[in-house]
Amino acid sequence: MSPYRIATIDGDGIGPEVCQSAARILSEACGSALLDFVRCDGGAAHYARTGQVLPDDTFALCRDSAAILHGAAGLPGVTYPDGTEVGNDLHLQLRFRLDLYANVRPVRLWQGVKSPLAGWQAGQIDYVIVRENTEGLYASRGGGINLRGEVATDTIVVTRKGVERVARFSFGLSRKRQGAPRDGKRRVTVCDKANILRSYAFFRAVCEEVAREHEDVEIDYAYADAMTVHLVKRPDFYDVIVAENMFGDIISDLGAATIGGMGLSPSAELGEHHGLFQGAHGSAPDIAGQNLASPLATILSGTLMLHWLSERHGDERLAVAARRIETAVGEVLAHGDAVPRDLGGTASCTEVTEAVLRRMARALD
Ligand code: ATP
């Protein structure tokens, strides 16, 4: 039996193509004896058929596996009676039920990819957004009030425990990195609106307390509105950014846009005992089933999974495999072997996958 069982939820739209591409590459890099991908149901189409977006047996498999790999979920028009999207509920349920409190979103400009920001080169944009994933404004999910169709409210939730753990995670992450590209300084930037709301002032104060345990890492602050300017004008200043749930959601899409888009942006959602890995993009129904999607975000999410498993289990083989995939992706992008459509090329999902596999094979020769 393979030591690491990976619960694999393809989902909807482009989910199956990108998820199976990533599983193929991860299997190749690790060998089939190391990873066991077990496919399970879930998503908006599954809900339309059965009334369940996350079936009980899928949840149990996710809970009891070493990690979860997910494509994407969501279909236009498949909504709950309150108007919210069914697809999003798949990972939201996993997030809340498995307590995946740190949503890690690396923003890195790869060689060969042109940033829409003029003049920035590979290596100059390289930071990580850590989005608090289990509370903030989205903790109100399903709990807000719509009164008589006249008044609607949602409440932000910020707890000491929630902020402490995501702040500790962020400072710990900065310690493992090389610092900001601009000056090599290890830095955690707290993104909030502490000037307006008490909940954000509390978020900031707790981060400040945690910073005192990490004096080798600089603490820095930015209001969320100013942050949208900074990420465009001086992205090289950032190392790790920690943000409340909704702000993290918003600024990570902005960050992704600066390095080539959502098709190149991986994501890891981590808790103490579980990890869920998926590209930062949605199910892209406009291009689904046509072999047009870029699998790179999901492949890179797979490498985050291997690094996480490697660290958790002290298994260096997984980290070696992750680096092999990252090198191959880097070469495909740098040499333009197969440029996906969202990066201005014409390569299909299959062609990008094959190109990464070819580079991996060449490295072994
Ligand atoms: P969600 O709300 O679920 O995050 P979304 O509505 O923001 O999803 P996406 O599904 O991410 O949107 O798609 C936004 C646009 O980006 C679409 O035009 C889609 O075709 C494109 N896109 C998203 N992911 C990819 C990908 N992996 N490869 C190519 N194009 C993509």
Side-chain angles (χ1 to χ4, degrees), residues 9-25 42-47 53-54 69-80 83-95 103 105-107 110 113-114 116 129 131 133 137-138 141 245-269 276-304 329 332-333 338-356:
I9 313 174
D10 285 349
D12 307 299
I14 61 170
E17 2 181 345
V18 295
C19 199
Q20 290 313 308
S21 158
R24 202 173 148 203
I25 284 169
H46 189 79
Y47 172 86
V53 65
L54 178 65
L69 182 68
H70 176 43
L75 287 175
V78 183
T79 53
Y80 289 126
T84 59
E85 272 184 37
V86 167
N88 281 332
D89 200 33
L90 176 83
H91 61 252
L92 284 169
Q93 279 198 40
L94 287 168
R95 222 172 251 179
N103 189 335
R105 297 190 158 185
V107 179
W110 291 80
V113 177
K114 198 165 175 287
I129 295 170
R131 161 183 171 190
N133 216 26
L137 192 56
Y138 295 171
R141 178 186 73 99
N245 207 336
M246 182 178 68
F247 288 156
D249 187 13
I250 295 168
I251 64 169
S252 52
D253 275 25
L254 172 65
T258 66
I259 52 94
M262 305 298 279
L264 204 47
S265 297
S267 145
E269 303 184 48
L276 163 66
F277 302 84
Q278 62 175 322
H281 55 75
S283 60
D286 53 328
I287 55 166
Q290 300 166 59
N291 201 15
L292 296 176
S294 167
L296 291 172
T298 316
I299 294 169
L300 292 171
S301 304
T303 67
L304 297 179
V329 167
V332 167
L333 291 168
V339 182
R341 276 172 27 116
D342 61 330
L343 294 180
T346 55
S348 65
C349 185
T350 314
E351 285 165 340
V352 176
T353 310
E354 301 288 351
V356 175

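Read the numbers this way: they start at 1 and go in the same order the structure lists the ligands and their atoms. Excluded from the calculations below are hydrogen atoms, water molecules and symmetry mates; all remaining heavy atoms, backbone and side chain alike, are included. Numbers for residues simply follow the sequence, beginning at 1. Please read these numbers as outputs of a predicted model, since none were measured by experiment.
- Counting only heavy atoms from C-beta outward, the side chains of Pro285 and Asp12 never approach each other to under 4.5 Å.
- Residues Val107 and Ile129 are in side-chain contact: their nearest non-hydrogen atoms beyond the backbone lie under 4.5 Å apart.
- For ligand 1, the polar-atom distance check against Met262 finds no nitrogen or oxygen pair separated by under 3.5 Å.
- Residue Ala284 has at least one N or O atom closer than 3.5 Å to an N or O atom of ligand 1.
- Contact annotation for atom 15 (C) of ligand 1: protein absent (non-hydrogen atoms, distance under 4.0 Å).
- Here the side chains of Leu300 and Trp110 are in contact, with some heavy-atom distance below 4.5 Å.
- Counted by atom type alone, Glu269 and Gln278 present one or more donor-acceptor pairs between their side chains at under 3.5 Å.
- Taking each of Ala297, Ser294, Pro285, Cys349 in turn, the one with a heavy atom nearest to atom 28 (N) of ligand 1 proves to be Ser294.
- The protein heavy atom nearest to atom 31 (C) of ligand 1 is Ile287 CD1, 4.0 Å.
- Residue Tyr47 forms a side-chain contact (heavy atoms from CB on, under 4.5 Å) with just one option from Leu90, Val78, Asp89, and that option is Val78.
- Listed by number with element, the atoms of ligand 1 under 4.0 angstrom from any heavy atom of Ala293 are 28 (N).
- Protein heavy atoms are absent from the space less than 4.0 angstrom from atom 12 (O) of ligand 1.
- Of the protein's non-hydrogen atoms, Gly282 CA, 3.5 Å is the one closest to atom 8 (O) of ligand 1.
- Contact annotation: Gly74 has no heavy atom less than 4.0 Å from any atom of ligand 1.
- Side-chain atoms of His281 and Val18, non-hydrogen and from C-beta on, do get closer than 4.5 Å to each other.
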Subject >> Derivation and outcome, side chain to side chain contact (heavy atoms under 4.5 Å, CB included), residues Asn88 and His91 >> reply: CA-CA 6 Å; Asn88 281 332; His91 61 252; 3.8 Å; yes
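- The shortest side-chain heavy-atom distance between Thr353 and Gln20 does not fall under the 4.5 Å cut-off.
- Contact annotation for Ile14 and ligand 1: only side-chain heavy atoms (C-beta onward) come within less than 4.0 Å of the ligand.
- Atoms of ligand 1 lying under 4.0 Å from at least one heavy atom of Ser283, given by number and element, are 10 (O).
- Counting only N and O atoms by type, the side chains of Asn291 and Thr350 include a donor and acceptor under 3.5 Å apart.
- Protein heavy atoms all stay at least 4.0 Å away from atom 5 (P) of ligand 1.
- Taking a distance limit of 4.0 Å, we find that atom 2 (O) of ligand 1 is approached by no protein heavy atom.
- Looking only at heavy atoms of the protein, atom 18 (O) of ligand 1 is closest to Asp286 OD2, 2.9 Å.
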